[in-house]
Amino acid sequence: MNSYDIIKRPLRTEKSVVDAETNTYHFEVDLRANKIQIREAIENFFHVKVDDVRSMVRKGKSKRVKFRLGKTKDWKKAIITLKEGSVIDLGY
């Protein structure tokens, strides 16, 4: 997997916007990616130095569609902390 396959999108929530002030960013990443691959992808894609990577798998929710039960897909969230002096400009 290359950097473009690992990083799916930045997450823009109230918590992620507040965390961006402390050099912490939230991303949706590929389910198969591990912390080392996520670190390398962020460093290569944004040209920054990563200090810490925390990742978690978010389970999909049960949903009802017409007369059947369905489920949204599982997804992986990564919380990236950058080293001092590194900044990612995500536009918020």
Side-chain angles (χ1 to χ4, degrees):
M1 284 191 286
N2 61 17
S3 301
Y4 297 101
D5 293 335
I6 294 174
I7 303 169
K8 293 194 175 187
R9 66 185 178 106
L11 298 176
R12 186 171 182 182
T13 61
E14 290 180 24
K15 183 173 174 114
S16 67
V17 171
V18 171
D19 281 350
E21 297 171 1
T22 61
N23 259 1
T24 303
Y25 300 92
H26 301 227
F27 291 94
E28 180 181 346
V29 295
D30 192 270
L31 268 171
R32 299 168 293 175
N34 60 29
K35 289 183 179 185
I36 297 168
Q37 292 171 330
I38 294 169
R39 175 188 302 265
E40 291 173 354
I42 294 290
E43 287 178 348
N44 290 337
F45 194 76
F46 293 106
H47 305 292
V48 294
K49 293 294 181 186
V50 175
D51 187 33
D52 186 37
V53 176
R54 292 176 287 164
S55 64
M56 61 203 77
V57 175
R58 308 296 296 169
K59 299 295 180 186
K61 298 179 181 180
S62 297
K63 298 282 185 176
R64 194 183 85 181
V65 181
K66 294 234 177 191
F67 303 109
R68 296 180 182 241
L69 285 176
K71 183 176 172 277
T72 59
K73 65 178 185 164
D74 298 341
W75 58 285
K76 191 175 219 178
K77 176 181 180 178
I79 300 173
I80 310 296
T81 304
L82 300 180
K83 291 190 177 180
E84 236 8 83
S86 296
V87 175
I88 297 175
D89 182 24
L90 295 176
Y92 53 80

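The same ILVMFWY cluster, assembled from side-chain heavy atoms under 4.5 Å apart, contains both L90 and V29. No continuous path of hydrophobic side-chain contacts links L11 to V17 [ILVMFWY only; heavy atoms under 4.5 Å]. Residues Y4 and I88 share a single hydrophobic cluster, defined by chaining ILVMFWY side chains whose heavy atoms lie under 4.5 Å apart. Under a hydrophobic-cluster definition in which Ile, Leu, Val, Met, Phe, Trp and Tyr are linked whenever side-chain heavy atoms come within less than 4.5 Å, directly or via other members, V53 and V48 are assigned to the same cluster. The same ILVMFWY cluster, assembled from side-chain heavy atoms under 4.5 Å apart, contains both V50 and M1.
Separation of the F27 and F46 ring centroids falls under the 6.0 Å cut-off.
Atom-to-atom distance recorded for D19:CG and I79:CD1 is 7.0 Å, nearest 0.5 angstrom. Atom NZ of K59 sits about 7.0 Å away from atom NZ of K71, to the nearest 0.5 Å. Here the straight-line distance linking atom CD1 of I6 with atom CG of N44 works out to 9.0 Å at 0.5 Å rounding. A distance of 9.5 Å separates CD in Q37 from CZ in R32, rounded to the nearest 0.5 Å. Of the inter-residue distances, the one linking T81 atom OG1 with R54 atom CZ reads 5.0 Å to the nearest 0.5 angstrom. Taking NZ of K49 as the start and CG of L82 as the end, the distance is 11.5 Å to the nearest 0.5 Å.
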In sequence, state the C-alpha distance, the side-chain angles, and the governing distance for D30 and K76, and then conclude on side chain to side chain contact (heavy atoms under 4.5 Å, CB included).
CA-CA 6 Å; D30 192 270; K76 191 175 219 178; over 6 Å; no
For I36 and E40, run side chain to side chain contact (heavy atoms under 4.5 Å, CB included): C-alpha distance rounded to whole Å, both residues' side-chain angles, the deciding distance at 0.1 Å, then the answer.
CA-CA 6 Å; I36 297 168; E40 291 173 354; 3.8 Å; yes
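D74 and G60 make their closest contact through OD1-N, 2.7 Å (heavy atoms, listed as atom of the first residue, atom of the second, distance). What you find for S3 and A41 is that their closest heavy atoms are OG-CA, 3.6 Å.
Proximity of a side-chain donor or acceptor of N23 to a complementary backbone N or O of S86 within less than 3.5 Å is detected.
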